[in-house]
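I have placed the structure first, in the form of structure tokens, so that the comments after it can refer back to it.
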Amino acid sequence: MSTEEKNSNKEIAELLRKVSAAYVLKGEKENRFRIIAYEKAADAVEHLSRELRDVWQDGKLYKVPGIGPGIGSSLEEYFKTGESRHFNEILKGIPESVFTLMKVPGIGPKRAFRLVMEFGLTEKETVVDDLLNVGRANKISSLEGFGQKSQDDIIEGLEVYQKRDRLVERMPLPYALDLSEEVIKYLKEMTKVKRADALGSLRRRVATIGDVDIAVVADDRDSKEIVAHFLKYPGLRSVEGAGDAKASILAAGNIRIDLRVQNQKSYGSMLEYFTGSKEHNIRLREYALKKGYSLSEYGIKKVKNVIPAQAGIQKKNGSPTVPDGRQVRVGDDKQIIEFKDEESLYSFLGLQYIPPEIREGTNEIDFAKVNQIPHPVELENIKGDFHTHSSYDLQPSHDMGLNSYSELVEKAKSLKYEYIGFSDHNPKKSNLSDEEIVTIMKKRKEYIDKTLSSSDIHYFIGLEVDILPSGELALPEKAFDYVDYLIVSLHSSFTMNNAEMTNRVLKALSYPKVKIFGHPTARLLGKREGVELDWDKIFSFAKDRHIALEINSAPPRLDLPDTLVREAKEAGVKFIINTDAHKVDHMDFMQYGVSVARRGWLTKNEVINTKPFKEIKNWLNKT
DNA sequence: GCCGTTTTCGGCCCGACTGTTTTCAGTCG
């Protein structure tokens, strides 16, 4: 994960943050908004779903929000020549070791610069150790503006950094959800806990989770007791910090868990605020400010002339209801308006309710203003699963499943599905002749049809076929007669360049009966980055040929990633949400794929396996 | 330095905590 290739988005975001920090050092006051601008640009680059360099080459650099003429021209120069004179000028005189120290908790740009300069710690490789030595020799506390406590905190921060350096992995969503449910269950052992929710990235169902945020509703007077209970959580490894109404601990695996206790009256604002994302909150506050409201985790304050939103506004706390469109002088009314749920908060601001999954600060607020937030697909809409692996032995190229076709069918029935598709891996090509493979496939079809002849659920016979490096399929075409559909996916040779990989995939998608592109980026969360593809080409091909992009629900995959899902949706592509189950229990993973779809703004209309059996048959026959 | 169904100029999110402080600076989420 620590790849910092030249011109990667990660590297560029880091560069922009360095420039931002440099402006802090040059003068935080006069550069205040420039600093924010660079930070915003860095965020935007970091969250981009494709390489900024490619965006630049497509001539769309200035379409990236946060990149304007100033930063943009510097970046162009950087792409062309490998450096930017402007960035160099700003960064001049700031040793690299300063930026290393800034990664230590509790050390920001100013302290980092000060410490590096005071003690001459210009070696980037050793600066953490060097500063630790200086601190242990009791030399920091005598600096002006530092004291004993500062020195202790810095030493502690350095030690944490050293330990945590290699452990900053984020965990896949499903594991974090399990952990949060366990903690919530533990908290609810106390009857004074009226309600507990997992917030933050967990509630937004982000594919990987850094730390677990949990909020609790309780009376104010009970909060201390609840915090104390939390600090006795059996999975606790250490206490990071604890106050009256909040605390954070490290659980096994160095997972940070934050707890906050709040009363019911203002819980809506709390939920919104700690659900985030940070970008969503900033945009929501900017939007509120334009309407004359200041937003915080406690509620809303009026700050100036108020033009209320169109939809009738009900003021809480006895404030007068303001008729539509009338401008009202509120003066210095500092009263805070509280919201017990999020619906009333968004509605107060004249916004449609925004589901947590899409609160990412893209353009959800613009959509909510005009009531255009689509109704997201739900788990209950799913009518079948097309990616399941059975224990039928067709000498497959990869892992077999653990359960029989009949058992998969039973599970599908228990999930109230209308249909199920079987997609074992293709027979291993290197061990078998084409004729042998055809025979195996024929026998398999006969076996399935015989075994399930009296089944009261519809089934489809499919196969998951490897895309060979050449783009050919690892299945002879004569065997296609024995399947209803094919899933094609990448299982090897992941490191081709973009153009080669794109051609490879397009060729694979051109074969008859190919209806699904399985786990399209082939990423493995925390282990392997996704492949490079020209997504525009893939999307338009898939759309024209009625090929569905898979959203693979398996916890380590969650692939296609949500940002690409949204782009594909805008390109008119259809999707299918599958589990890639290798045993019946895995079929319960469907909820995670649905979360990815929701984060990609999908409604059920764009998800093929929400359609009834008849439509599925039509789709399978479309070419 | 960026940005605009209230602006091409005049704005730019909000609050907590902590420490070294006589009113604030730095860091964090």
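Predicted model only: the values in this text are computed from it and were never measured. Lettering follows sequence order; numbering is per chain, from 1.
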> A:Phe99 ring centre to A:Lys18 NZ or CZ under 6.0 Å, with the angle to the axis within 45°?
Replying inline: yes
> With respect to the side chain of A:Lys301, which nucleotide from B:dG29, B:dT18, B:dG15 is positioned closest?
Replying inline: B:dG15
> Which of the following nucleotides, B:dC12, B:dA16, B:dG1, is nearest to the side chain of A:His86?
Replying inline: B:dG1
> Nearest of B:dT20, B:dG26, B:dG1 to any side-chain atom of A:Tyr38?
Replying inline: B:dG1
> If you round to the nearest 0.5 Å, how far is CG of A:Leu61 from CG of A:Asp54?
Replying inline: 12.0 Å
> What is the ring orientation for A:His229 with A:Tyr186, classed by angle as parallel under 30°, tilted 30 to 60°, or perpendicular over 60°?
Replying inline: parallel
> In whole angstroms, how far is the P atom of B:dG19 from the CD atom of A:Glu156?
Replying inline: 11 Å
> What is the pairing partner of B:dT8, taking Watson-Crick or G-U wobble pairs with both distances under 3.5 Å in any strand?
Replying inline: none
>> Looking at A:Lys110, I'd like to know whether one of its side-chain N or O atoms comes within less than 4.0 Å of OP1 or OP2 on B:dG26.
In response: yes
> Contact class for A:Ile107 vs. all strands (heavy atom < 4.0 Å): base, sugar-phosphate, or nothing?
Replying inline: sugar-phosphate
>> Heavy atoms from C-beta onward define the side chain here; which of B:dC14, B:dG1, B:dC2 lies closest to that of A:Phe33?
In response: B:dG1
> P atom, B:dC3 versus B:dT8: distance in rounded Å?
Replying inline: 16 Å
> From B:dT27, B:dA16, B:dC14, pick the nucleotide closest to the side chain of A:Ser296?
Replying inline: B:dC14
> With a non-hydrogen cut-off below 4.0 angstrom, is A:Asp258 in contact with a base, only sugar-phosphate, or nothing?
Replying inline: nothing
>> What contact category does A:Phe146 fall into here, base, sugar-phosphate, or nothing, at under 4.0 angstrom with non-hydrogen atoms?
In response: sugar-phosphate
> NA contact type, A:Val104, heavy-atom cut-off 4.0 Å: base, sugar-phosphate, or nothing?
Replying inline: sugar-phosphate
>> Can you tell me how the ring of A:His280 sits relative to the ring of A:Tyr346, calling it parallel under 30°, perpendicular over 60° and tilted otherwise?
In response: tilted
>> Taking the ring centre of each residue, are A:Tyr293 and A:Phe348 less than 6.0 Å apart?
In response: yes
>> Using the side-chain heavy atoms of A:Arg34, tell me which of these nucleotides is nearest: B:dG1, B:dT20, B:dG29.
In response: B:dG1
>> Does the plane of the ring in A:Tyr38 sit parallel, tilted or perpendicular to the ring in A:Tyr23? Use 30° and 60° as the thresholds.
In response: tilted
>> I'd like to know whether A:Thr563 forms a side chain to side chain donor-acceptor pair (under 3.5 Å) with A:Glu567, so could you lay out the CA-CA distance, the side-chain angles of the two residues, the decisive distance to 0.1 Å, and finally the verdict.
In response: CA-CA 7 Å; A:Thr563 49; A:Glu567 287 182 32; 5.6 Å; no
> Where the side chain of A:Arg285 is concerned, which of B:dC2, B:dT20, B:dC14 is the nearest nucleotide?
Replying inline: B:dC14
> Looking at B:dC12, B:dG1, B:dT18, which one has an atom nearest to any side-chain atom of A:Asp153?
Replying inline: B:dT18
> Contact class for A:His280 (heavy atom, under 4.0 Å): base, sugar-phosphate, or nothing?
Replying inline: nothing
> Can B:dT21 be described as syn, meaning its chi torsion is within 90° of 0, or is it anti?
Replying inline: anti
>> Taking donor-acceptor contacts at under 3.5 Å, does the side chain of A:Tyr23 reach the base of B:dG1?
In response: no
>> What's A:Ile35 touching, base or sugar-phosphate or nothing? Going by heavy atoms closer than 4.0 Å.
In response: nothing
> In terms of side-chain heavy atoms of A:Lys40, which of B:dG1, B:dC13, B:dG29 is nearest?
Replying inline: B:dC13
>> Applying a 4.0 Å non-hydrogen cut-off, can you work out what A:Ile282 is touching in the nucleic acid: base, sugar-phosphate, or nothing?
In response: base
>> Side-chain N or O of A:Lys278 versus OP1/OP2 of B:dG29: is the shortest distance under 4.0 Å?
In response: no
>> Under 4.0 Å, heavy atoms only, any strand: does A:Gln148 hit a base, just the sugar-phosphate, or nothing?
In response: sugar-phosphate
>> Quick check: on DNA chain B, is the nucleotide nearest A:Ser294 upstream (toward 5') of the one nearest A:Glu144, or the reverse? Name the residue that is more 5'.
In response: A:Ser294
>> On DNA chain B, does the nearest nucleotide to A:Lys369 precede the nearest nucleotide to A:Tyr273 from the 5' side, or the other way round? Give the residue.
In response: A:Lys369
> To the nearest Å, how far apart are A:Arg17 CZ and B:dG1 P?
Replying inline: 18 Å
